[in-house]
Protein chains: 2
Amino acid sequence: MSAISNSRSDKGDRPKARSGKWTMTIITLLRDQPQRFNALRRQTGISQKTLTTTLRELERNGFVLRTMFATIPPRVEYELTELGRELLELSEGVRDFFQRRRPQMEAARERFDASGGEPEIRLNHP
Amino acid sequence: MSAISNSRSDKGDRPKARSGKWTMTIITLLRDQPQRFNALRRQTGISQKTLTTTLRELERNGFVLRTMFATIPPRVEYELTELGRELLELSEGVRDFFQRRRPQMEAARERFDASGGEPEIRLNHP
DNA sequence: CAGAATCCGCTCAGATACTG
DNA sequence: CAGTATCTGAGCGGATTCTG
């Protein structure tokens with residue numbers, strides 16, 4: 001274990017790229033105004049550890065700006081950067097797509113599940 | 001274990017929605033022409049199990065059409081549906097975004113890692 | 001309040017072996 | 001060739017505990 005300090009900056013191993021199940025949710029919540037840590041926590045029900053991890057990666061990649069206020073108790077605010085705002089637009093596009101196409105997807109799933117997943121079968125080869 | 005058959009249609013539990021690390025790769029490979037199972041396998045280096053799972057979910061959701069030819073040896077082709085083609089466009093948009101913004105992201109990462117992840121600190125509260 | 005550190009269970013993806 | 005069945009290891013996300 002570390003001998004002197006245990007701050008994050010001591011660890012030599014940088015976090016690997018994460019897909020981030022909660023990433024889209026977080027940046028969506030940051031759309032309209034900066035938010036504090038526990039505000040995000042309450043709105044999402046996300047665990048503290050995962051929220052921290054998600055926010056750190058967003059910060060690290062330049063999508064979110066973290067600002068600490070040296071008050072007691074401490075106050076930390078997260079807000080979208082310009083780059084983060086672009087990511088938000090992108091992610092809204094993705095969400096819109098799946099929302100628009102949801103009926104087709106559900107219909108396809110019903111067909112697939114009803115047929116037990118049996119594919120088209122052709123006897124002739126093209 | 002199953003008493004009589006072990007075909008997929010026997011299992012009552014349907015697969016849950018998967019994020020699919022390889023999904024984008026696969027539909028990109030299907031852009032220009034239908035492809036056979038092992039062709040996809042060779043081009044990606046993806047394991048056979050994961051390829052099957054990925055293709056099945058794409059098929060189930062209506063993005064990919066699977067066609068079996070009753071020949072010996074068997075021949076199975078995968079191709080994009082119209083819906084799949086829309087998903088392809090979307091995913092190309094996503095890839096383009098991260099490609100375009102890669103420099104900004106890498107710059108942000110360097111700043112973050114160099115500073116040990118220390119945030120902006122403000123002494124006054126707004 | 002905003003985290004860091006730890007432990008833990010689950011799911012995902014790869015490796016392997018076997019079939020129609 | 002195109003799968004299915006199984007085992008296994010790694011990583012993610014949650015719960016809990018502790019601190020500045």
Side-chain angles (χ1 to χ4, degrees), chain A residues 1-2 5-11 13-26 34-42 44-59 64 66-78 116-122 125, chain B residues 1-11 13-23 25-26 34-42 44-57 59 64 66-78 116-122 125:
Chain A
M1 59 172 58
S2 181
S5 159
N6 53 5
S7 83
R8 238 174 36 238
S9 22
D10 271 10
K11 313 270 186 181
D13 47 346
R14 296 289 158 218
K16 306 209 194 304
R18 288 176 48 257
S19 40
K21 173 176 148 189
W22 292 99
T23 302
M24 280 182 154
T25 309
I26 297 301
Q35 301 237 31
R36 301 180 60 174
F37 186 87
N38 276 333
L40 293 169
R41 189 154 154 50
R42 274 188 300 274
T44 54
I46 184 177
S47 80
Q48 172 272 346
K49 193 192 76 170
T50 303
L51 178 55
T52 301
T53 312
T54 303
L55 285 169
R56 280 301 176 287
E57 177 155 353
L58 282 168
E59 187 196 359
V64 158
R66 173 167 59 137
T67 309
M68 285 188 63
F69 299 96
T71 56
I72 298 177
R75 171 196 185 87
V76 179
E77 281 192 354
Y78 295 88
E118 306 304 334
E120 287 289 311
I121 299 185
R122 305 242 174 102
H125 41 185
Chain B
M1 58 172 60
S2 180
I4 299 183
S5 159
N6 52 6
S7 84
R8 238 170 40 236
S9 22
D10 272 10
K11 313 272 184 181
D13 46 346
R14 295 289 157 215
K16 307 209 193 302
R18 287 177 50 255
S19 39
K21 169 177 149 190
W22 291 99
T23 303
T25 309
I26 297 301
Q35 302 236 29
R36 301 179 61 173
F37 186 86
N38 276 334
L40 293 169
R41 188 153 154 52
R42 274 189 300 272
T44 55
I46 183 177
S47 80
Q48 159 272 116
K49 193 195 75 173
T50 303
L51 177 56
T52 300
T53 313
T54 303
L55 285 169
R56 280 302 175 286
E57 177 154 354
E59 186 195 0
V64 158
R66 173 167 58 137
T67 309
M68 284 187 64
F69 299 96
T71 56
I72 298 177
R75 170 197 185 87
V76 180
E77 281 192 354
Y78 296 88
E118 305 304 333
E120 287 289 310
I121 299 183
R122 304 242 174 101
H125 41 185

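Chain A is the first sequence line, chain B the second, and so forth, proteins listed ahead of strands; every chain is numbered from 1.
- Backbone-only engagement by B/Arg36 is indicated by non-hydrogen atom pairs under 4.0 Å involving sugar-phosphate atoms exclusively.
- Taking every heavy atom of both residues into account, A/Pro34 and A/Glu77 meet most closely at CB-OE1, 3.8 Å.
- For the side-chain hydrogen bond (donor to acceptor under 3.5 Å, both in side chains) test, residues two or more places apart in sequence or in another chain that qualify with A/Ser47 are A/Thr50.
- In this structure, A/Ile46 places its CD1 atom 11 Å from P of D/dA15, rounding to the nearest Å.
- Fit an axis to the five pairs at each end of the helix from C/dC1-D/dG20 to C/dG20-D/dC1 and the two axes sit 40° apart, to the nearest 10 degrees.
- In this structure, A/Lys21 atom NZ and D/dG11 atom P are separated by 18 Å, rounded to whole Å.
- Regarding A/Ile121, its CD1 atom lies at a distance of 11 Å from the P atom of D/dG3, rounded to whole Å.
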Using the 3.5 Å cut-off, write out each protein N or O paired with an N or O of nucleotides 18-20 of chain D and the distance between them.
none

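- Taking atom CD of residue B/Glu118 and atom C1' of nucleotide C/dG3, one finds them 12 Å apart after rounding to whole Å.
- Closest heavy-atom contact between A/Gln48 and A/Arg41: N-NH1, 3.3 Å.
- B/Tyr78 has a side-chain polar atom (N or O) that falls below the 4.0 Å cut-off from OP1 or OP2 of D/dG3.
- Annotation: side chain of B/Leu51 is in contact with side chain of B/Ile26 (closest heavy-atom distance under 4.5 Å).
- In this structure, CD of B/Gln48 is placed 14 Å from P of D/dT6, rounded to the nearest angstrom.
- Separating the CZ atom in A/Arg56 from the CZ atom in A/Arg66 is a distance of 3.5 Å, to the nearest 0.5 Å.
- Rounded to a whole Å, the CD1 atom of B/Ile72 is 18 Å from the P atom of C/dT19.
- Position along DNA chain D of the nearest nucleotide to B/Lys49 versus B/Ala39 favours B/Ala39 as the more 5'-ward residue.
- What you find for B/Arg36 and B/Pro74 is that their closest heavy atoms are NH2-O, 3.7 Å.
- Looking at the side chain of B/Thr52, the nearest of the listed nucleotides D/dG3, C/dG14, D/dA2 is D/dG3.
- In this structure, B/Gln35 places its CD atom 14 Å from P of D/dG3, rounding to the nearest Å.
- Atom-to-atom distance recorded for B/Phe37:CZ and B/Leu55:CG is 6.5 Å, nearest 0.5 angstrom.
- Atom CD1 in A/Ile46 sits 4.5 Å away from atom OG1 in A/Thr54 (nearest 0.5 Å).
- Distances shorter than 4.0 Å separate none of the side-chain N or O atoms of B/Thr50 from OP1 or OP2 on C/dA13.
- Between B/Arg66 and D/dA2, a side-chain N or O to OP1/OP2 separation shorter than 4.0 Å is absent.
- Distance check, rounded to the nearest 0.5 Å: CE of A/Met68 to OG1 of A/Thr71 gives 8.5 Å.
- Closest to the side chain of B/Trp22, from the set C/dC1, C/dG14, D/dG14, is C/dG14.
- Rounded to an integer number of Å, the gap from A/Glu77 CD to C/dG3 P is 12 Å.
- In the set C/dG14, D/dG14, C/dG3, the nucleotide with an atom closest to the side chain of A/Phe37 is C/dG3.
- Partners of B/Thr67 under the side-chain contact (heavy atoms from CB on, under 4.5 Å) rule, at least two apart in sequence or in another chain, are A/Glu120, A/Arg122, B/Leu65, B/Phe69, B/Glu79.
- The phosphate of D/dG3 (OP1 or OP2) has a side-chain N or O of B/Arg56 nearer than 4.0 angstrom.
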